[in-house]
Each structure stands twice: as C-alpha cells, then as structure tokens.
Amino acid sequence: MKMFLCILALTVGALADPKVYFEEDFSEGWRDRWMDSTYKKEEQGKFEISAGMFYGDAEKDKGLKTTQDARFYGASAKFEPFSNEGKTLVIQFTVKHEQNIDCGGGYVKVYPKDVDQKNLHGDSPYYIMFGPDICGPGTKKVHVIFTYKGKNLLTKKDIRCKDDVFTHLYTLIVRPDNTYEVKIDNKKVEGGNMDEDWDFLPPKKIKDPSAKKPDDWDEQEKIDDVNDKKPEDWDKPEHIPDPDAKKPDDWDDEMDGEWEPPMIDNPEYKGEWKPKQVDNPNYKGKWVHPEIDNPDYTPDAFLYRYNDIGAIGFDLWQVKSGTIFDNVLITDDEKHAEQVGNDKWEVTKDGEKKMKDDQDEEERKKREEEEKKKKDEEKDEDEDEEEEEEKEEKEEKEEKEDEHDHEHDHDEL
C-alpha cells in the first residue's frame with residue numbers, strides 16, 4: 001500500500017510539473033538561440049545585450065536592448081513546436097523603456113514553426129501579438145492580438161500600459177475554455193471571454209431582415225398643443241433704433257446721407273413663438289428591430305488553439321531606442337509564471353528604482369552646484385563691474401579736481 005501511495009504521489013507530482021516551452025534571460029549563449037532579421041537592410045536596427053543605466057543586478061538584469069533611433073527591429077528564436085490544445089498558454093516577458101520612449105513598440109509576437117526568421121517583418125504571419133505600444137500621449141496601450149482564420153483581431157477593450165522608465169512584467173494567459181487574462185507586474189488588469197472581447201465569430205443574433213417598422217408606428221413622445229395660441233402682442237422686432245441716440249451736430253445730410261440712429265436689442269423681443277408641448281396620445285415608444293439567430297454563426301470551442309507554435313520574436317519600430325527586453329517565458333502553468341515573475345521582476349524593480357533615485361539625487365546635486373557656481377561667477381562679474389565703475393568714477397573725479405586746481409593756479413598767475 002505504501003509503495004502504491006508513493007508511486008501515486010510521484011505520478012501526481014510529475015503531472016503537476018509545469019511545461020516550459022521556451023525561456024530566455026539573454027545570458028551566455030543567447031546568440032545561438034536568436035536570429036536577427038535583415039529584411040529592412042539599412043533601416044534594420046541593431047540589438048545589444050545591456051542592463052541599462054540603472055538596474056537591480058548588473059548581470060542578471062542584462063537583456064536585449066534596442067540601440068539606434070528611428071529603426072525597425074527584428075529578432076526571433078525557435079523552439080520545439082507544440083500545440084496548446086487542451087492546455088493553458090502563458091506568454092510572459094519584461095520590458096523597460098528607460099529612454100522614456102516617445103513612440104515605439106514593446107511587444108512580442110508568437111509565430112508558427114515555419115516563420116522565416118531572416119526575413120522577419122511586419123507582415124510575417126503570427127499567432128499572437130502581446131505587449132505595450134506607446135506613441136505620444138494618445139497611444140499607451142497593451143496590444144492583445146489573436147490571429148484567427150487568417151485575420152488579425154484586435155481586442156475591443158482598452159488596456160493601458162505602463163509608461164515610466166522602469167522594468168515591468170507583462171503576462172498573457174490563454175485558457176482552454178476560451179477565457180483569457182492580462183497581468184501587469186503580476187496583477188490582473190483585464191480578462192474575460194475571447195468570443196466577447198474579440199470579433200472571432202459573427203454575432204449570435206442579427207436583425208430580422210423580414211421585419212419592418214409599421215408605417216403607423218409613432219415614435220414622437222411629445223407633440224404641439226393644438227389649443228395653444230400665440231398672444232397678439234408676441235411679435236416684436238429683435239432690434240430697434242436707439243431712442244437715446246442723437247444726430248451729431250456736424251452731420252451733413254448732403255455729404256453723409258440721411259442720418260439713422262444705431263440699432264439696439266429690443267427689450268420686448270420674445271423670440272420665435274412655439275406652442276407648448278403635450279404628451280402624444282399615439283406614442284408607442286421607440287421601435288426595436290426584432291432579432292433572430294444568425295444562420296452564419298457557428299460556435300467554436302477552439303478559439304484559443306494554435307497547433308504548431310514554434311517561435312517567439314520582436315518585430316518593432318522605435319523612434320527613440322533604448323528599450324530592454326528580458327525574462328521571456330512560454331509555459332502552460334500560470335502559477336509557475338507568477339513565481340518566475342516574482343523571482344526575477346520583484347528583485348529587479350526594487351534595485352533599479354534605488355539606483356535610479358540615487359542617480360537622480362546626484363544629478364540634482366550636480367545641477368545645484370552648477371547653478372550655484374554660475375550665480376557666484378555672475379556675482380563676481382557684477383562685483384568686478386562695480387569696482388571698475390567705482391574706479392572710473394574716482395579717476396574721473398580726480399581728473400576734474402586736477403583741472404580745477406590747474407585753472408585756479410592759472411588765475412593767480
């Protein structure tokens with residue numbers, strides 16, 4: 001019995017082990033796993049490995065960094081192809097826009113196994129696109145794009161991304177019940193049903209094409225009161241001659257024409273008269289077009305499924321470079337992804353923030369010292385100018401006194 005329980009425990013433990021399809025921290029040997037695209041030729045930006053200007057650990061925080069402004073970037077890595085049928089799919093990575101990005105992508109794409117890595121570009125077919133995209137103050141969102149029957153489908157929800165200079169963890173969870181979840185920094189920010197938040201399928205219901213609003217259907221809630229009559233003294237002109245205006249004394253009718261007083265608003269003007277509104281006795285409410293089942297709708301229990309997932313990559317455009325990607329993970333286990341995120345991102349975020357704060361403090365002190373030095377120099381210049389002015393005034397005064405003494409001596413002679 002004990003042997004059976006031991007075997008059962010081992011079996012359950014083996015079944016519970018997370019399946020990691022791909023994991024990358026851009027440590028030694030990363031170049032053997034990744035291939036750069038050359039599709040854009042001279043417009044193709046270069047990647048380098050760097051921890052950036054501030055970090056938690058100089059080695060562990062090294063990632064794939066964009067290095068050239070206004071360039072396209074393309075790099076991908078292949079792995080053993082797999083299908084996520086009947087399994088959860090988790091796509092996770094970290095991204096740091098330490099350059100305070102103004103316009104550019106920070107997302108990953110998951111590709112089929114036969115993707116052309118050397119010619120990777122924006123039109124290369126992919127399965128899933130996920131991650132932040134920033135361009136000016138108006139675009140700061142998380143893309144979640146699924147490919148379905150050859151079409152790329154954008155989410156109907158607005159998911160806001162992080163827009164600071166620190167490292168953030170992005171996680172997409174796609175479950176075999178056609179539900180999904182988006183997490184940023186290991187906290188859920190969005191989720192729901194795939195068939196509701198993307199247009200995978202035609203609508204379940206459509207307007208009945210044979211239905212038509214009856215000709216006598218009255219949707220006017222209020223009507224004019226037929227018994228309401230306009231008062232006899234209602235109509236007054238909107239503007240009248242100013243009764244206080246006087247013809248100028250120098251007005252010449254022959255030269256200036258016949259004088260007319262200026263017009264002013266008429267205080268008795270009441271505007272356009274309209275009859276009072278009363279309830280319409282024939283009002284039937286807003287007509288609602290009846291719906292029927294859409295004959296073109298067919299449910300699909302496999303919206304989430306991709307049969308030959310085999311690569312992940314970065315296909316981006318950036319105006320200002322300096323983004324660092326790291327900690328790429330594809331697995332079937334949500335808890336494992338969460339733990340990896342905690343182990344790597346949690347440590348990074350505290351260290352890099354402290355380093356950035358220290359750098360900012362040093363920069364602040366340096367700036368204050370330079371400003372003080374500049375003010376001292378300006379003060380010294382002002383003092384020198386005052387001394388020079390005083391010296392000139394003194395010399396001028398002495399010259400005048402000398403002239404006066406000379407004149408006095410001459411008079412005595």
Side-chain angles (χ1 to χ4, degrees), residues 18-24 63 84-85 87-97 101 104-111 126-135 138-148 151-201 300 302-306 309 312-316 323-346 348-349:
K19 176 67 175 178
V20 176
Y21 303 105
F22 181 79
E23 190 166 14
E24 180 63 79
N84 66 322
E85 181 173 347
K87 294 175 286 188
T88 296
L89 174 64
V90 183
I91 302 166
Q92 182 170 279
F93 67 105
T94 58
V95 57
K96 176 170 68 166
H97 294 309
I101 192 169
Y107 41 78
V108 296
K109 291 181 178 180
V110 174
Y111 296 94
Y126 62 87
Y127 286 148
I128 298 173
M129 175 173 149
F130 169 62
D133 188 20
I134 295 175
C135 196
T139 301
K140 296 182 179 181
K141 61 184 177 182
V142 178
H143 278 302
V144 186
I145 302 176
F146 292 107
T147 298
Y148 184 73
K151 293 184 179 180
N152 297 331
L153 307 177
L154 280 68
T155 178
K156 293 184 280 188
K157 290 183 175 179
D158 183 20
I159 309 174
R160 188 174 179 84
C161 69
K162 299 292 184 179
D163 60 353
D164 55 42
V165 297
F166 297 107
T167 297
H168 292 285
L169 180 73
Y170 287 85
T171 308
L172 172 64
I173 302 169
V174 183
R175 303 188 182 99
D177 60 355
N178 282 338
T179 63
Y180 76 100
E181 187 173 320
V182 175
K183 299 166 71 176
I184 301 179
D185 298 340
N186 261 341
K187 293 182 180 179
K188 179 180 177 180
V189 296
E190 194 52 83
N193 294 308
M194 295 174 67
D195 59 345
E196 294 177 0
D197 295 345
W198 286 265
D199 291 325
F200 283 94
L201 307 171
D300 186 349
F302 298 102
L303 299 177
Y304 72 93
R305 180 183 63 187
Y306 298 99
I309 301 172
I312 189 167
F314 303 100
D315 168 47
L316 315 161
T323 298
I324 300 175
F325 300 97
D326 200 2
N327 304 309
V328 182
L329 175 68
I330 302 178
T331 180
D332 65 355
D333 192 296
E334 298 179 37
K335 293 297 183 183
H336 176 68
E338 183 176 350
Q339 186 60 52
V340 170
N342 286 333
D343 291 344
K344 296 188 176 181
W345 174 75
E346 284 286 349
T348 296
K349 73 179 182 69

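Quantities reported herein were computed from a predicted structural model and do not represent experimental measurements.
Residues forming a salt bridge (charged side-chain N to carboxylate O under 4.0 Å, His left out) with Lys344 (at least two apart in sequence, or on another chain): Glu23. By the side-chain hydrogen bond (donor to acceptor under 3.5 Å, both in side chains) test, Glu85 pairs with Arg305, sequence neighbours left out. Annotation: side-chain contact (heavy atoms from CB on, under 4.5 Å) contacts of Thr147 (sequence neighbours excluded): Tyr126, Asn152. Every side-chain hydrogen bond (donor to acceptor under 3.5 Å, both in side chains) that Asp164 has, sequence neighbours left out, goes to His168. Under the side-chain hydrogen bond (donor to acceptor under 3.5 Å, both in side chains) criterion, Thr179 pairs with Asp177, not counting sequence neighbours. Residues forming a ring pair (Phe, Tyr, Trp, His ring centres under 6.0 Å) with Phe302 (at least two apart in sequence, or on another chain): none. Under the side-chain contact (heavy atoms from CB on, under 4.5 Å) criterion, Asp163 pairs with Ile134, Lys140, Arg160, not counting sequence neighbours. For Asp300, there are no salt bridge (charged side-chain N to carboxylate O under 4.0 Å, His left out) partners at least two apart in sequence or on another chain. In this structure Tyr111 satisfies the side-chain hydrogen bond (donor to acceptor under 3.5 Å, both in side chains) test with no other residue, sequence neighbours excluded. Scanning for ring pair (Phe, Tyr, Trp, His ring centres under 6.0 Å) contacts around Phe325 gives Phe314, with sequence neighbours left out.
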For a quick test of your reading: what N or O donor-acceptor pairs under 3.5 Å do the side chains of residues 187-196 make, sequence neighbours left out?
| from | atom 1 | to | atom 2 | distance (Å) |
| --- | --- | --- | --- | --- |
| Glu190 | OE2 | Lys157 | NZ | 3.0 |
| Asn193 | ND2 | Glu196 | OE2 | 3.4 |

Donor-acceptor pairs under 3.5 Å, side chain of residues 87-96 to any protein atom, not counting sequence neighbours: which ones?
| from | atom 1 | to | atom 2 | distance (Å) |
| --- | --- | --- | --- | --- |
| Lys87 | NZ | Tyr21 | OH | 3.3 |
| Lys87 | NZ | Ser83 | O | 3.1 |
| Gln92 | OE1 | Thr171 | OG1 | 2.7 |
| Gln92 | NE2 | Ala337 | O | 3.0 |
| Thr94 | OG1 | Asp326 | O | 2.9 |
| Thr94 | OG1 | Asn327 | ND2 | 3.2 |
| Lys96 | NZ | Ala51 | O | 3.2 |
| Lys96 | NZ | Phe54 | O | 2.7 |
| Lys96 | NZ | Glu98 | OE1 | 3.3 |

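Between atom OH of residue Tyr148 and atom CH2 of residue Trp198 there is a gap of 14.5 Å, rounded to the nearest 0.5 Å. Atoms NZ and CG, from Lys349 and Asp185 in turn, are 8.0 Å apart once rounded to the nearest 0.5 Å. Interatomic distance, Ile128 CD1 to Leu172 CG, rounded to the nearest 0.5 Å: 6.0 Å. We find the CG-CH2 distance between Leu169 and Trp345 to be 7.0 Å, quoted to the nearest 0.5 Å. Rounding to the nearest 0.5 Å places OG1 of Thr167 at 13.0 Å from NZ of Lys162. The OG1 atom of Thr331 lies 5.0 Å from the NE2 atom of His336; values are rounded to the nearest 0.5 Å.
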request  = Could you please spell out the steps behind the side chain to side chain contact (heavy atoms under 4.5 Å, CB included) verdict for Phe146 and Val174?
outcome  = CA-CA 11 Å; Phe146 292 107; Val174 183; 3.9 Å; yes
task = Might you work through the side chain to side chain contact (heavy atoms under 4.5 Å, CB included) test for Leu303 and Leu201, ending with a clear yes or no?
result = CA-CA 9 Å; Leu303 299 177; Leu201 307 171; 4.2 Å; yes
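Scanning all heavy atoms of the two residues, the minimum distance from Cys161 to Ile184 falls at CA-CD1, 4.4 Å. Across all non-hydrogen atoms, the minimal contact from Tyr304 to Pro176 is CE2-O, 3.4 Å. The minimum heavy-atom distance between Asp332 and Lys19, with the atom names listed, is OD1-N, 2.8 Å.
Remark: the Asp343 side chain and the Gln339 side chain contain an N/O donor-acceptor pair separated by less than 3.5 Å.
No donor-acceptor pair under 3.5 Å is formed between the side chain of Asp197 and the backbone N or O of Thr155.
Side-chain contact between Val144 and Ile159 is present, with heavy atoms from C-beta onward closer than 4.5 Å. Within the 4.5 Å cutoff, the side chain of Val182 has heavy atoms near those of the Phe130 side chain.
For Asp158 and Lys141, the salt-bridge test fails: no basic side-chain N is under 4.0 Å from an acidic carboxylate O.
Counting heavy atoms of neighbouring residues, nucleotides and ligands inside a 6.0 Å radius, atom NZ of Lys183 exceeds 12 of them.
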